[in-house]
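The structure under discussion appears below in the form of structure tokens.
For the single chain, residues carry numbers from 1 onward in sequence order.
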Amino acid sequence: MANVVIVGAQWGDEGKGKIVDLLTRDADAVVRFQGGNNAGHTIVLKGEKFVFHLIPSGILYENKTCLIGSGVVVDPAVLIEEIAELKKRGYLKNDSQLMVSEEAHLILPYHRKIDRARDRVFKIGTTGRGIGPAYEDKVARYGIRMVDLMDEEVFRHKLEKNLLEKNAYLSGVLKEEPFRFEEILEEYLHYQKEIGRYVRDTSRFLFEEIQKGRHILFEGAQGALLDLDHGTYPYVTASNTVAGNACAGSGIGPTLIDSVIGVAKAYTTRVGEGPFPTELKDDTGNRIREKGGEYGATTGRPRRCGWFDAVVVNHAIRINGIREMAVTKLDVLNDFDTLKICVGYRVNGDVFRHVPSCLKTLSSSVPIYEELEGWKGEIKGAKKMSDLPIQAQRYLKRIEELIQVKISLVSVGSERDETIELTNPFRNVA
């Protein structure tokens with residue numbers, strides 16, 4: 001048995017979807033434990049592109065169980081759309097392959113409207129999908145859960161009560177049009193009929209599977225630097241993205257987790273507002289963006305691009321307890337004469353080897369770089385480290401030295417099999 005958590009070690013968009021898809025081959029179940037449809041995991045399989053916002057990436061395997069945990073906030077319309085698209089393309093042939101926690105909270109239309117209206121004023125860079133306001137309701141203890149949607153009387157009562165406050169806030173503070181109760185009620189009762197068969201007690205199911213010795217893969221969304229507590233606050237997401245939340249967001253205990261694997265790009269990106277010390281606002285940054293297709297899977301927004309930041313990744317390693325690292329998109333760096341790695345920050349004469357909590361300090365940080373020789377030529381065919389150009393091997397070796405965590409996987413292309421696999425957490429375990 002092995003239970004493994006996959007987390008992003010930067011600001012999200014690290015290619016976790018591909019790594020989860022690859023490791024699902026040896027897992028029995030995959031669990032998404034936080035976030036909502038503000039995340040987008042992209043998989044390329046046999047030249048075909050799949051983008052998932054809620055359903056775990058492992059759904060492309062026929063014999064795997066995929067779960068949406070209690071820590072996720074679910075927009076039913078998006079979930080239904082993903083299910084329909086999968087079935088249209090010949091996947092999810094058996095409904096029992098997908099489960100949604102009855103304790104997961106719902107995103108409602110007023111959450112989305114509040115989210116978009118606020119961001120026009122505060123400019124956090126939210127996706128406008130209603131994620132933050134849904135988590136606010138959860139914490140305030142008047143969120144509406146999947147289990148509530150399954151009971152029309154309970155759902156009707158909670159929605160009616162919530163709309164009194166939401167409509168007053170929308171019209172009185174945000175100057176937005178209020179919602180009609182019957183309109184939302186009718187829409188969501190339709191969703192109830194569509195997704196009811198997937199709603200289960202996923203916590204109990206997971207515990208029973210673990211007791212049977214099954215391998216479980218826990219899939220995080222976003223990245224460590226977007227964590228609500230440990231990221232670049234307030235330019236963060238509305239949930240805890242760190243590995244510790246895999247337990248709370250799935251309904252299992254921490255003693256059941258065996259390993260944590262971090263995922264980092266061979267460079268760095270982020271979407272939205274907030275400090276980004278190694279950002280390249282020049283032709284090099286544009287070149288990385290275009291070569292890497294760095295546009296948001298959820299919003300289509302261009303991602304900000306920069307050199308690999310070992311300070312950021314070390315921060316992620318510490319707060320997640322990462323034991324192994326997967327490095328993705330190494331092939332994007334083909335054909336650069338030189339590459340840079342950030343090894344520290346200089347601020348007013350002081351040198352930082354960690355990510356400062358003070359946003360003002362981080363925003364004024366000047367990266368300290370090491371420069372390495374680049375490589376020329378395609379690396380997609382590489383199956384082992386020795387197949388890579390010596391310069392690429394040195395680049396990865398230097399990253400490994402700086403982060404003091406072994407690299408277990410290296411992605412050299414977008415396809416599932418375009419990966420150098422050095423170790424696998426699900427193999428050779430008792």
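For Y191 and E187, the side-chain atoms include at least one donor-acceptor pair closer than 3.5 Å. For the residue pair Q10 and Y267, no side-chain donor N or O sits within less than 3.5 Å of a side-chain acceptor on the partner. Side-chain N/O atoms of E62 and Q97 include no donor and acceptor closer than 3.5 Å. Side chains of K18 and S411: a donor-acceptor N/O pair is present below 3.5 angstrom, by distance only. When only modelled atom types and interatomic distance are considered, N37 and D75 share no side-chain donor-acceptor pair under 3.5 Å. In summary, the side chains of N38 and T237 do present a donor paired with an acceptor at a separation below 3.5 Å, with no hydrogens or angles considered.
Note: E182 CD to L159 CG = 9.0 Å, rounded to the nearest 0.5 Å. From C305, atom SG reaches atom CG of N286 across 8.0 Å, with rounding to the nearest 0.5 Å.
Under the ring-ring contact (aromatic ring centres under 6.0 Å, His included) criterion, H157 pairs with no residue, sequence neighbours left out. Listed by chain and residue number, nothing satisfies the side-chain hydrogen bond (donor to acceptor under 3.5 Å, both in side chains) test with E81 (two or more places apart in sequence, or in another chain). Shown here are the side-chain hydrogen bond (donor to acceptor under 3.5 Å, both in side chains) partners of E324, two or more places apart in sequence or in another chain: S408, T423. Checked against side-chain hydrogen bond (donor to acceptor under 3.5 Å, both in side chains), R156 has the following partners two or more places apart in sequence or in another chain: E152. With sequence neighbours left out, the side chain to side chain contact (heavy atoms under 4.5 Å, CB included) criterion links E371 to T338, K340. In this structure, the side-chain hydrogen bond (donor to acceptor under 3.5 Å, both in side chains) partners of N162, at least two apart in sequence or on a different chain, are Y110. Considering only residues two or more places apart in sequence or on other chains, E194 meets the salt bridge (charged side-chain N to carboxylate O under 4.0 Å, His left out) condition with none of them. Residues that satisfy the salt bridge (charged side-chain N to carboxylate O under 4.0 Å, His left out) test with E208, not counting sequence neighbours, are R204.
Evaluation of the side-chain hydrogen bond (donor to acceptor under 3.5 Å, both in side chains) test over residues 274-285, restricted to residues two or more places apart or in two chains, returns E279-R304. Evaluation of the ring-ring contact (aromatic ring centres under 6.0 Å, His included) test over residues 69-88, restricted to residues two or more places apart or in two chains, returns none. Screening residues 66-93 for ring-ring contact (aromatic ring centres under 6.0 Å, His included) gives F50-Y91 as the qualifying pairs, with residues at least two apart or on separate chains.
A salt bridge links E48 with R89: the closest approach of a Lys/Arg side-chain nitrogen to an acidic carboxylate oxygen falls below 4.0 angstrom.
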Side-chain donor-acceptor pairs under 3.5 Å in residues 66-74, sequence neighbours left out?
none

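Residues W11 and F276 place their aromatic rings such that the two centres sit under 6.0 Å apart.
The side-chain tip of K113 points at the ring of F179 from less than 6.0 angstrom away and within 45° of straight on.
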